[in-house]
Amino acid sequence: MKELNLSAVEVTRTDPVKVVQFGEGNFLRAFVDWILDDLNNQGKLNGQVSIVQPIKEGLTDLINKQDGLYHVFTEGIVDGEQVEDIRLIKSVMNCIDPFESYQDYISLAEIDTLEFVVSNTTEAGIQFINEEMPEGKAARSFPGKLTQFLYQRYQYFNADIKKGLTILPCELIENNAGELKKCIFQHIDAWNLGDDFKGWLLNANSFHNTLVDRIVTGFPKGRIEEYQNKVGYNDNLIVTAEHYHLWVIEGTNNERLHQLFDDSNLNVLLVDDLQPYRTRKVRILNGAHTSMVPVGLLHGNSTVKQTVEASFTKQFVEDLLFNEVCPTLDFPEEVIKSYTEAILNRFKNPAIKHQLSSIALNSISKFRVRVLPSILEHESKYGKLPDNLVLAFAALIVFYKGKDMPVNDDRGIEAYFKGLWNKNSIEEIVKSVLENNDLWGRSLIDLPGLSDMLCRNINLIEEKGIEEAWIESCNNH
């Protein structure tokens, strides 16, 4: 089978780089780069993407070996019929590792045709990490790298107001563009880059909050030969995803975004306020994913579909969504019920084999953003803690014990939980976790009844298993 690269396919690249993308993972390649490829096919963008690998370990070598080419398989049910689309993505020019090739990275800022910056560095990616301004090397954090990048562009083009960029962060945190801009300003102050640079940043560039929605199941490891046979190439970057996609952008005042997405065939919405869309999606779709990961894995499930169809975990997810999450959301009952039912049907898509282990990445920061707000709002609104969501919290703590579980998080977080489980009682573990401001952005120790419920659930999980813990937990309340 032929290797996939430019010499093997009839692809001619003449379009300039117009997008710098921080993140080379499955989601961005099956969502943003897929969308940009579609815009190129429609003659709307006519530009290429240069990807920046945001952390020290990544896919740069593999992406460049394939000249940025790869296939996206989108599968799902449309109008009651199973559909499959296979697309060769041609929008990616290359990938750069800024830790190994800093000069290549910073030179991207000097590209005259550049228009956009997009990113998805996970929920943990947009944070300020205080460090000395690096000389000739990449900053540790994504906001630090972006500050270096924008400062280089500001200097290279002599503060030309026309050389600003449209910045579209896709990290799943509230006010993602605002938080990113705040981190950049912290770096400007810490590194003494000056008020003139601040002025250019504000006046020449635009930061837009965004919300992304597509279930991306990633590399089809167990079926790779089947997928490669369909495309006829040895493609080691294949990504599988559901057919559905939605990108909501606070960008009604951005003329270029209107040029790209108005009258396109893409489900991209330019709105004044995406908050209602975000809250609904994060609490229901993402909240369900993050809640089911530790529960499903502890029960022996491996996929999302299996989890929403097996008797115990199916009931757990449905009770959690319909009885605990939905009532906390400010939507008409029928509207939110219909949306939730549609989400569950997306989870049951027979073409999507979404591994729970792939969703488990950075589960702590995901739980903080996606699930904890539902727990807090349920307690505030009803004066009691939600059984299923608290069981998910307990299962998360057990999951981070690490025994036979696919824990994949910041090394410091992994070490923290490993240390807790090695030498503490369950009561001591729960107390430490709830008091840890770094994990949750606040202390949870004073939330009435939470400590006791977590201790009881964890003991039940350890002694009798997750299903029995769920049964007893629900019977006790």
Side-chain angles (χ1 to χ4, degrees), residues 18-23 27-28 31-32 35-36 45 47 49-52 54 108-109 111 113-129 139 141-155 157 159-191 193-213 246-261 268-279 282 369:
K18 293 187 178 180
V19 182
V20 166
Q21 172 177 302
F22 289 83
F27 182 82
L28 281 180
F31 184 79
V32 169
I35 287 174
L36 299 178
L45 176 65
V49 182
S50 258
I51 297 178
V52 177
L108 293 174
I111 296 175
T113 55
L114 200 60
E115 294 185 66
F116 300 96
V117 171
V118 296
S119 67
N120 188 358
T121 55
T122 80
E123 286 91 330
I126 296 182
Q127 60 177 314
F128 174 72
I129 297 178
S141 70
F142 158 55
K145 294 183 191 68
L146 184 55
T147 303
Q148 291 175 299
F149 180 89
L150 293 170
Y151 189 61
Q152 177 71 13
R153 189 167 183 84
Y154 160 77
Q155 290 183 307
F157 288 106
D160 187 343
I161 202 77
K162 296 180 180 179
K163 296 303 178 183
L165 304 173
T166 297
I167 298 167
L168 303 167
C170 298
E171 288 81 0
L172 198 63
I173 63 171
E174 190 170 356
N175 188 31
N176 47 19
E179 290 298 314
L180 177 57
K181 184 160 62 172
K182 182 173 75 174
C183 290
I184 292 173
F185 270 71
Q186 287 177 286
H187 280 294
I188 292 173
D189 290 337
W191 294 345
L193 299 182
D195 290 339
D196 289 345
F197 176 45
K198 281 185 182 180
W200 179 84
L201 191 74
L202 288 172
N203 296 322
N205 303 270
S206 60
F207 290 74
H208 301 268
N209 292 319
T210 77
L211 174 71
V212 294
D213 189 359
L246 170 66
W247 197 2
V248 186
I249 304 171
E250 286 183 353
T252 56
N253 60 344
N254 188 297
E255 183 180 348
R256 181 60 171 141
L257 291 175
H258 280 290
Q259 291 172 355
L260 291 177
F261 296 117
V268 179
L269 305 179
L270 303 180
V271 302
D272 291 318
D273 180 14
L274 61 74
Q275 189 59 37
Y277 298 91
R278 179 193 180 278
T279 300
V282 169
V369 171

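Computed over heavy atoms, backbone and side chain alike; hydrogens, waters and symmetry mates excluded.
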I need the minimum non-hydrogen distance between [X] and [Y], along with the two atoms involved.
X: Pro169; Y: Ser119; value: CA-OG, 3.4 Å
X: Thr113; Y: Lys18; value: O-CG, 3.6 Å
X: Leu45; Y: Arg256; value: O-NH2, 3.9 Å
X: Ala159; Y: Trp200; value: O-CD1, 3.5 Å
X: Gly144; Y: Ala139; value: C-CB, 3.6 Å
X: Thr121; Y: Ile126; value: OG1-N, 4.2 Å

Exercise. What pairs meet the salt bridge (charged side-chain N to carboxylate O under 4.0 Å, His left out) rule with one or both residues in residues 160-170, with sequence neighbours excluded?
Worked result: Asp112-Lys163
Seminar exercise, completed: Applying ring-ring contact (aromatic ring centres under 6.0 Å, His included) to Phe22 and not counting sequence neighbours gives Phe142
For this session: Mind jotting down which residue pairs meet the ring pair (Phe, Tyr, Trp, His ring centres under 6.0 Å) criterion with at least one end in residues 162-185? Sequence neighbours excluded, please.
Result: none
Identify, with sequence neighbours excluded, every residue that meets side chain to side chain contact (heavy atoms under 4.5 Å, CB included) alongside [X].
X: Gln275; value: Glu174, Asp273, Arg278, Thr279
X: Gln152; value: Ile106, Ala109, Glu110, Gln155
X: Leu269; value: Leu246, Val248, Asn267, Val271, Tyr277
X: Leu28; value: Gln21, Val32, Asn120

For this session: Could you check Val20 against Leu165 for side-chain contact (heavy atoms from CB on, under 4.5 Å), going step by step and ending with a plain yes or no?
Result: CA-CA 10 Å; Val20 166; Leu165 304 173; over 6 Å; no
For the residue pair [X] and [Y], establish whether any side-chain heavy-atom pair is separated by less than 4.5 Å.
X: Gln186; Y: Thr147; value: no
X: Phe31; Y: Asp213; value: no
X: Ile35; Y: Phe261; value: yes
X: Val117; Y: Thr166; value: no
X: Leu274; Y: Ile249; value: no
X: Phe27; Y: Val212; value: yes

Of all residues at least two apart in sequence or in a different chain, which pass the side chain to side chain donor-acceptor pair (under 3.5 Å) check with [X]?
X: Asn209; value: Asn175, Glu250
X: Thr210; value: none
X: Gln127; value: none
X: Asn205; value: none

Exercise. Taking the six-membered ring for Trp, is the centroid-to-centroid distance between Trp191 and Tyr151 below 6.0 Å?
Worked result: no
For the [atom1] atom of [X] and the [atom2] atom of [Y], what is their distance to the nearest 0.5 Å?
X: Leu260; Y: Glu255; atom1: CG; atom2: CD; answer: 11.0 Å
X: Lys145; Y: Leu150; atom1: NZ; atom2: CG; answer: 13.5 Å
X: Asn253; Y: Ser206; atom1: CG; atom2: OG; answer: 7.5 Å
X: Cys170; Y: Leu211; atom1: SG; atom2: CG; answer: 9.5 Å
X: Leu108; Y: Ile51; atom1: CG; atom2: CD1; answer: 11.5 Å
X: Ile167; Y: Asn176; atom1: CD1; atom2: CG; answer: 12.0 Å

For this session: Using modelled atom types only, decide if a donor and an acceptor are shared between the side chain of His258 and the backbone of Thr252 within a distance under 3.5 Å.
Result: yes
Exercise. Is the backbone of Lys198 close enough, under 3.5 Å, to the side chain of Asp195 for a donor and an acceptor to pair up by distance?
Worked result: no
Exercise. Would Phe116 and Val49 satisfy side-chain contact (heavy atoms from CB on, under 4.5 Å), going step by step from the backbone distance to the final call?
Worked result: CA-CA 9 Å; Phe116 300 96; Val49 182; over 6 Å; no
Seminar exercise, completed: The salt bridge (charged side-chain N to carboxylate O under 4.0 Å, His left out) partners of Glu179 (sequence neighbours excluded) come to Lys182
Exercise. Aromatic rings Phe197 and Tyr154: how do their planes relate, parallel, tilted or perpendicular, breaks at 30° and 60°?
Worked result: tilted
